[in-house]
Trainee: 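Below is one structure. I have some questions about it.
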Amino acid sequence: MSELSFFLGCIAPNRYPGIEKATKIVMEELGVHLLELKGASCCPAPGVFRSFDKLTWLALASRNVVLSEEMGVDLLTVCNGCFGSLVDANNLLKEDEQLRSDVNKVLAEVGREFKGTIRVRHIMEYLYDDVGVEKVKESIKYPVDLKVAVHYGCHLIKPSKERHLGSIENPTFFDELVEATGAESVMYKDKNACCGAGGGVRTSALETALKLARAKLENAKAAGVDCIVDACPFCHLQMDVGQTEIAKKFGDVFNMPIVHYSQLLGLGMGYTPQELGIDMNYVKNDKFISKIEEIGGGK
């Protein structure tokens, strides 16, 4: 069995623990044991810390990477923002000797040193490149009969020269992993558009952020999907909690279920919506829950 450290980030354990649980369940089923990354902090948020002070961002991000280095395993995250921060910091420090020296002076104050011995992995990239679509497909006991709007999110595929995940304009790896569960990935307008949360926009300009989320929801609904599937708890929050805010602000009600890929995969493996935390969303769609309860019936 392979081992990875599991970087939880902030939002999943605090707002969507079902994503954390689902990830542990499905990775174990696929022969990957996730180890607790003890002492981990915020990634920190790339759109905020990196913009104000590069060295502070690098020191905080690299400390998380070092924790996994000391365990001798690669680090796995289920969040696009955490991935963007940690993988960029990891790569930058591996490539820039002067920056690495500057950061290590800071880390030395807490008895740590960045060595550049591991990789930072996003669950979608890891499943696609290391586990493989075929093995994911073989793990499916109950095909997930859903029409899905795939939301890639920004930091998963950009910058494309760093991610090496195919076309930035027309990526397919996420769609392939979704369809491996038996679900249908439905094309919809502006599929690769931002959800509106990142870069501090949700915090500093909520109305603008909600307009972007509303456009995403409108386009997904127009495509006739059962749910939106994401790979990032912050995108998840923006499109889930955001729906309650959009209803208050603009009067639009979508009642669109939002599902993390780990949860979708768990359904295909036979786990119930309750076991995967899908029923813990802010948007309550009983019809959708009833539909996915019929997929496998639980372990």
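All residue numbers refer to positions in the sequence shown, counting from 1. These figures come from a predicted structure and were not determined experimentally.
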Trainee: Does the structure place the NZ or CZ of R100 under 6.0 Å from the centre of the six-membered ring of F114, at an angle of no more than 45° from the ring's axis?
Mentor: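 Pair R100/F114 does not count as cation-pi.
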Trainee: Using side-chain heavy atoms (C-beta onward) and a distance below 4.5 Å, is R15 in contact with P233?
Mentor: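 Heavy-atom side-chain distance check fails, nothing below 4.5 Å.
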Trainee: Hey, does the side chain of S62 reach the backbone of A59 with a donor-acceptor pair shorter than 3.5 angstrom?
Mentor: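 At least one qualifying donor-acceptor pair exists.
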Trainee: Regarding Q98 and S101, do their side chains bring together a donor and an acceptor under 3.5 Å, going by distance alone?
Mentor: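 No pair is found: no donor N or O on one side chain lies under 3.5 Å from an acceptor on the other.
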Trainee: With distance as the sole test, does Q243 use its side chain to make a donor-acceptor pair with the main-chain N or O of V283 at under 3.5 Å?
Mentor: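 A pair under 3.5 Å: no.
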Trainee: Ignoring hydrogens, what is the shortest heavy-atom contact between A247 and V253? Give both atom names and the distance.
Mentor: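 Of all heavy-atom pairs spanning A247 and V253, the closest is CB-CG2, 4.3 Å.
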Trainee: Under a 3.5 Å distance rule, please check whether T181 uses its side chain to pair with a backbone N or O of V144 as donor and acceptor.
Mentor: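 Not a single qualifying donor-acceptor pair exists.
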Trainee: What are the two closest non-hydrogen atoms of G153 and C235, and how far apart are they?
Mentor: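 Minimum heavy-atom contact is CA-SG, 4.4 Å.
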Trainee: Donor-acceptor pair, E179 side chain versus S185 backbone, under 3.5 Å?
Mentor: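 Checking the backbone N and O of S185 against the side chain of E179, a donor-acceptor pair under 3.5 Å is found.
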Trainee: Side-chain contact, heavy-atom cut-off 4.5 Å: D175 with Y152?
Mentor: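 Contact flag for D175/Y152 side chains = yes.
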Trainee: Show the numbers, then the answer: is there a ring pair (Phe, Tyr, Trp, His ring centres under 6.0 Å) between H260 and Y16?
Mentor: CA-CA 10 Å; H260 190 277; Y16 294 103; 9.7 Å; no
Trainee: Do L276 and V259 have side-chain heavy atoms sitting under 4.5 Å apart?
Mentor: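 The answer is no; the side chains never approach within 4.5 Å.
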Trainee: Could you go through N281 and H236, starting from their C-alpha distance and side-chain angles, then the distance that decides it, and tell me whether this counts as side-chain hydrogen bond (donor to acceptor under 3.5 Å, both in side chains)?
Mentor: CA-CA 9 Å; N281 280 0; H236 197 99; 3.2 Å; yes
Trainee: To check you understand the geometry: which heavy-atom pair defines the closest contact between F174 and V229, and what is its length?
Mentor: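 Where F174 meets V229 most closely, the heavy atoms are CZ-O, 3.9 Å.
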Trainee: Using side chain to side chain contact (heavy atoms under 4.5 Å, CB included) as the criterion, point out the one residue from N64, V66, V120 that pairs with N90.
Mentor: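 Single pass found, and it is V120.
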Trainee: Do the charged groups of K291 and D145 touch, with an N to O distance under 4.0 Å?
Mentor: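 Result for this pair is no, no salt bridge flagged.
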Trainee: Side-chain donor-acceptor pair under 3.5 Å between E294 and Y142, yes or no?
Mentor: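 Distance-only check fails for E294 and Y142.
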Trainee: Closer than 3.5 angstrom, by distance alone: can the side chain of Q238 be matched with the main-chain N or O of A209 as a donor-acceptor pair?
Mentor: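 Between the backbone of A209 and the side chain of Q238 there is a qualifying donor-acceptor contact (under 3.5 Å).
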Trainee: Could you tell me whether R119 and E125 make a salt bridge, using a distance below 4.0 angstrom between a side-chain N and a carboxylate O?
Mentor: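 Salt bridge present between R119 and E125.
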Trainee: Rounded to the nearest 0.5 Å, how far does CG of L67 lie from CG of L75?
Mentor: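 If I round to the nearest 0.5 Å, the distance is 9.0 Å.
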Trainee: Verify side-chain contact (heavy atoms from CB on, under 4.5 Å) between E184 and V148, making sure each step is shown before the conclusion.
Mentor: CA-CA 6 Å; E184 177 188 353; V148 166; over 6 Å; no
Trainee: Once rounded to the nearest 0.5 Å, what's the spacing between atom OG1 of T77 and atom CZ of F83?
Mentor: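 If I round to the nearest 0.5 Å, the distance is 8.5 Å.
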Trainee: Would you compute the distance between atom CE of M239 and atom SG of C227 and round it to the nearest 0.5 angstrom?
Mentor: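 Reported to 0.5 Å precision, the distance equals 10.5 Å.
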Trainee: Has D230 got a side-chain atom pairing as donor or acceptor with H151's backbone, closer than 3.5 angstrom?
Mentor: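 Flag not set: sc D230 to bb H151 has no pair under 3.5 Å.
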Trainee: Would you say E69's side chain and K115's backbone share a donor-acceptor pair under 3.5 angstrom?
Mentor: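 Yes, E69 side chain to K115 backbone: donor-acceptor pair under 3.5 Å.
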Trainee: Nearest 0.5 Å please: distance from the NZ atom of K21 over to the CD atom of Q263.
Mentor: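 With rounding to 0.5 Å, NZ (K21) is 11.0 Å from CD (Q263).
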Trainee: State plainly whether the residues E134 and K137 are in salt-bridge range, i.e. N to O under 4.0 Å.
Mentor: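 A salt bridge is present here (some side-chain N lies under 4.0 Å from a carboxylate O).
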Trainee: Would you check, one step at a time, whether the test side-chain contact (heavy atoms from CB on, under 4.5 Å) holds for K54 with L92?
Mentor: CA-CA 11 Å; K54 187 175 183 179; L92 190 57; 3.6 Å; yes
Trainee: Quick check: is I118 connected to L35 through a chain of hydrophobic side chains (ILVMFWY, heavy atoms under 4.5 Å apart)?
Mentor: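 Linked within one cluster.
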Trainee: Start with the C-alpha gap between R121 and D130, add the side-chain angles, then the distance that decides, and say whether salt bridge (Lys or Arg N to Asp or Glu O under 4.0 Å) holds.
Mentor: CA-CA 10 Å; R121 317 298 301 271; D130 290 52; 2.5 Å; yes
Trainee: For K94, I'd like to know if atom NZ has over 12 heavy atoms of other residues, nucleotides or ligands within 6.0 Å.
Mentor: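 Atom NZ in K94 is crowded, with more than 12 foreign heavy atoms closer than 6.0 Å.
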Trainee: When you measure from the side chain of S68 to the backbone N and O of V65, does any donor-acceptor pair fall under 3.5 Å?
Mentor: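 Here the side-chain-to-backbone pair does not exist.
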Trainee: When you measure from the side chain of Y188 to the backbone N and O of E218, does any donor-acceptor pair fall under 3.5 Å?
Mentor: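 Checked: no pair found.
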Trainee: By the definition side chain to side chain contact (heavy atoms under 4.5 Å, CB included), identify the one residue from L177, I123, I140 that meets it with L265.
Mentor: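 Testing L265 for a side chain to side chain contact (heavy atoms under 4.5 Å, CB included) against L177, I123, I140 leaves exactly one candidate, I140.
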Trainee: Looking at side-chain heavy atoms only, is the closest gap between V87 and H122 below 4.5 Å?
Mentor: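 The answer is no, as the side chains (C-beta and beyond) never meet within the 4.5 Å cut-off.
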Trainee: Decide whether M269 and I289 are clustered together by the hydrophobic rule: side chain heavy atoms of Ile, Leu, Val, Met, Phe, Trp, Tyr closer than 4.5 Å, transitively.
Mentor: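 Yes, same cluster.
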Trainee: Restricting to non-hydrogen atoms, name the atom on M256 and the atom on V225 that form the minimum distance, rounded to 0.1 Å.
Mentor: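 Shortest heavy-atom contact: CE-CG2, 3.9 Å.
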Trainee: Indicate yes or no: at least one non-hydrogen side-chain atom of L156 is less than 4.5 angstrom from one of C232.
Mentor: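 Side chain of L156 against side chain of C232, heavy atoms only: no contact under 4.5 Å found.
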Trainee: Grab the two heavy atoms, one from S85 and one from W57, that are nearest each other, plus how far apart they are.
Mentor: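 So the two residues come closest at OG-NE1, 2.7 Å.
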Trainee: Is there side-chain contact between I228 and I258, with heavy atoms separated by less than 4.5 Å?
Mentor: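 Yes; the side chains approach each other to less than 4.5 Å.
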Trainee: Would you say V136 and Y128 make side-chain contact, with heavy atoms under 4.5 Å?
Mentor: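 Counting from C-beta outward, V136 and Y128 never come under 4.5 Å.
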Trainee: Check step by step if side-chain contact (heavy atoms from CB on, under 4.5 Å) holds for L37 and L8.
Mentor: CA-CA 8 Å; L37 191 61; L8 297 177; over 6 Å; no
Trainee: Please examine the side chains of I278 and F288, heavy atoms only from C-beta on, and report whether any two atoms are closer than 4.5 Å.
Mentor: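 F288 vs I278: side chains touch.
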Trainee: Is a donor on one side and an acceptor on the other found under 3.5 Å between the side chain of D53 and the backbone of T56?
Mentor: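 Yes, the answer is positive, given that a donor and an acceptor are paired below the 3.5 Å cut-off.
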Trainee: Taking atom NZ of K189 as the centre, report whether more than 12 heavy atoms of other residues, nucleotides or ligands fall under 6.0 Å from it.
Mentor: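 No.
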Trainee: Compare every heavy atom of M71 with every heavy atom of E36, then report the nearest pair and how far apart it is.
Mentor: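 The pair with the smallest heavy-atom distance is O-CE, 3.6 Å.
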Trainee: Decide side-chain contact (heavy atoms from CB on, under 4.5 Å) for L212 and C195; before the verdict, give the C-alpha distance in whole Å, the side-chain angles of both, and the deciding distance to 0.1 Å.
Mentor: CA-CA 6 Å; L212 290 168; C195 69; over 6 Å; no
Trainee: Is E28 salt-bridged to K24, cutoff N-O under 4.0 Å?
Mentor: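 Looking at K24 together with E28, the answer is no, because their closest N to O distance does not fall below 4.0 Å.
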